[in-house]
Amino acid sequence: MRLSAGGFEIEATSVGGVETCYQLPQLGVCLDIGRCPDGAERQGTLLLTHAHIDHAAGLAYYVSMRGLMGAPPPRVFCPASAHPALSTILEAWSTLQADTKRCDLVGVQPGDEIPLGKTAFARVFRSPHRISTVGYTLCTRVKKLRPDLAAEPQAAIADRARAGEVVTEEHITPQLCFPGDTLIDVLESEPTVTTSRVLLLECTFFGTKVTPERARRNGHIHIDQIAERAHMFANEVVVLTHFSRRYHREEIEAEVAEKLPAGLRDRLVLLFEG
Ligand SMILES: [Zn+2]
């Protein structure tokens, strides 16, 4: 499914337990790789949230496809604890294919920054899930004139700069946040979840077939937990994703209409299969 949200074009595939991959062609970035859907191999950077198979199964295929198309080796980032096992998988496929290793695999920790372009970078944060997981917030960093100099003539500002004074200050804007598979607690533990312009938030469970308590034990979010915290979302767009296949589209739409307030529903995109 193709989405336009907050200035991003997103090619999105996300079904709970099946496959999750978001392609952001403007940045050349994939968020998780799923089973490596079409087009993913064109993105040169892959940010993996965790090593559950529905998020990471396509890693070796992605690396291999990049090689076949003659593209530079991708940069792949993953939680540091998943690095040894994912390296082993990539090396095993290299051996099987009599190939050379064509991937720069880097383990990351919460707090790390990954450069994505001139002004764009990804910030890594911890995401609470069943296994070691990190989320990524894609940010922009721009320099603007210090507000206290706004009324000063250009020539005077130039003089200050020539004399070595720092006349600009840095503005960091969280543009898009993706916590991966997560618990609702991430709304409190990571500020950019609720302040980024675009939020890709999993909502795996609805209704009473799986209770919010069971959703938590499984490391996921239930719609009731989002409803209870609806006032916290300051995002321009909230994309709800990763729906379990046990629900029909109509059930999900009815739950959203019933449980979420209009002020949040107006900013909501529901990511359905296909
Ligand atoms: Zn998972």
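Each ligand, and each atom within it, is numbered from 1 in the order the structure gives. Please read these numbers as outputs of a predicted model, since none were measured by experiment.
Take the Zn ion (ligand 1) as the corner point: the lines to NE2 of His50 and to NE2 of His129 open at 100°, to the nearest 10 degrees.
Coordination check, His55 versus the Zn ion (ligand 1): failed, since every N/O/S atom of the residue sits at 2.8 Å or beyond. Distance check for Asp181 against the Zn ion (ligand 1): an N/O/S atom falls below 2.8 Å. Contact annotation: His220 places no N, O or S atom under 2.8 Å from the Zn ion (ligand 1).
Between His50 and His55, the two ring planes are tilted [angle within 30° to 60°]. The aromatic rings of His129 and His52 stand perpendicular to each other, their planes meeting at an angle above 60°, with 30° marking the opposite boundary.
Remark: side-chain polar atoms of Arg66 are paired, donor with acceptor, to backbone N or O of Glu41 under 3.5 angstrom.
Taking a cutoff of 4.0 Å between a charged side-chain nitrogen and a carboxylate oxygen, Glu253 and Arg249 qualify as a salt bridge.
Counting only heavy atoms from C-beta outward, the side chains of Ile114 and Val108 approach each other to under 4.5 Å.
For His52, the N, O or S atom with the smallest separation from the Zn ion (ligand 1) is ND1.
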